[in-house]
Amino acid sequence: MGRHQSDRYDKVKRNWRRPKGIDNRVRRKFKGMYKMPNIGYGSAAVTRHMMPSGFKKVLIHNVKELEVLMMSNKTYSAEIARGVSAKNRKTLVERAAQLAIRITNPNARIRSEENE
């Protein structure tokens with residue numbers, strides 16, 4: 001559901017904005033025009049924010065935040081934040097393995113053995 005006439009003009013971005021014109025065909029819900037977002041288009045509360053793997057994602061910056069997920073490792077998976085260094089990533093991945101917490105990006109910023 002893109003913004004009305006966003007396909008026609010580059011200056012009109014695709015981000016949804018409600019049409020407010022008095023003659024607007026989309027606002028008046030004419031036949032053949034595309035639908036406007038409504039509350040009924042939301043996903044089910046059970047599967048909302050769920051990844052295809054069945055886990056929900058939590059952003060992790062340090063070991064303390066990782067250990068919060070210890071009791072709920074069946075429903076939540078950790079994603080290491082972008083600003084975490086390679087050295088700290090290594091300790092986070094090792095600690096997550098001990099706690100049986102799944103990490104969505106365990107291989108990010110880890111050098112291979114032949115480069116060292």
Side-chain angles (χ1 to χ4, degrees):
M1 287 181 215
R3 186 175 177 180
H4 181 50
Q5 291 190 335
S6 63
D7 55 340
R8 184 177 285 191
Y9 303 109
D10 286 333
K11 63 185 175 185
V12 179
K13 300 290 184 254
R14 202 173 171 283
N15 306 344
W16 173 254
R17 296 290 182 272
R18 190 177 197 285
K20 296 186 176 92
I22 57 170
D23 293 330
N24 191 282
R25 298 178 297 177
V26 176
R27 182 189 62 80
R28 291 166 66 187
K29 299 179 181 163
F30 280 18
K31 187 164 58 171
M33 297 307 293
Y34 41 80
K35 306 270 190 202
M36 290 201 299
N38 289 318
I39 199 75
Y41 286 109
S43 59
V46 179
T47 60
R48 192 172 298 142
H49 304 298
M50 196 172 279
M51 298 187 300
S53 61
F55 289 90
K56 294 181 180 179
K57 202 165 35 173
V58 177
L59 199 62
I60 299 297
H61 293 88
N62 53 42
V63 177
K64 190 175 180 183
E65 290 177 0
L66 183 70
E67 289 173 350
V68 172
L69 297 177
M70 187 169 22
M71 298 305 291
S72 55
N73 61 355
K74 296 278 188 269
T75 54
Y76 292 98
S77 68
E79 180 165 310
I80 302 173
R82 183 171 176 265
V84 179
S85 67
K87 182 179 78 171
N88 291 339
R89 276 173 194 270
K90 201 170 184 179
T91 59
L92 281 172
V93 170
E94 290 168 1
R95 184 68 177 137
Q98 293 170 358
L99 299 174
I101 297 172
R102 171 180 262 188
I103 295 185
T104 58
N105 56 348
N107 300 326
R109 276 205 211 171
I110 293 179
R111 285 198 211 155
S112 59
E113 295 296 323
E114 66 260 3
N115 290 349
E116 292 178 359

Should [X] and [Y] count as side-chain neighbours, where that means a heavy-atom distance under 4.5 Å?
X     : Y      : answer
Arg14 : Asp7   : no
Leu69 : Ile60  : yes
Ser53 : Arg102 : yes
Asn62 : Glu65  : yes

Answer yes or no: does atom [atom1] of [X] have more than 12 heavy-atom neighbours from other residues, nucleotides or ligands under 6.0 Å?
X      : atom1 : result
Arg109 : CZ    : yes
Lys74  : NZ    : no
Arg8   : CZ    : no

Closest approach of [X] to [Y] (non-hydrogen atoms, all atoms of both residues):
X      : Y     : value
Arg3   : Asn15 : CB-O, 3.3 Å
Val84  : Arg89 : O-NE, 3.0 Å
Ala81  : Leu59 : CA-CD1, 3.9 Å
Ser77  : Met51 : OG-CE, 3.2 Å
Pro19  : Met36 : CD-SD, 3.8 Å
Ile103 : Ala96 : CD1-CB, 3.4 Å

Under 3.5 Å: donor-acceptor pair, side chain of Arg27, backbone of Gly21: yes
Out of curiosity, does [Y] fall in the hydrophobic cluster containing [X] (side-chain heavy atoms, cut-off under 4.5 Å, transitive links)?
X     : Y      : value
Leu99 : Val68  : no
Phe55 : Ile101 : no
Val12 : Met1   : no

Rounded to the nearest 0.5 Å, how far does [atom2] of [Y] lie from [atom1] of [X]?
X     : Y      : atom1 : atom2 : value
Met50 : Lys57  : CE    : NZ    : 13.5 Å
Lys64 : Arg95  : NZ    : CZ    : 14.0 Å
Tyr41 : Lys35  : OH    : NZ    : 5.0 Å
Gln5  : Asn24  : CD    : CG    : 8.0 Å
Ile80 : Thr104 : CD1   : OG1   : 8.0 Å
Met71 : Tyr76  : CE    : OH    : 14.0 Å

Residues Met33, Arg28; criterion side-chain contact (heavy atoms from CB on, under 4.5 Å); working and verdict: CA-CA 9 Å; Met33 297 307 293; Arg28 291 166 66 187; over 6 Å; no
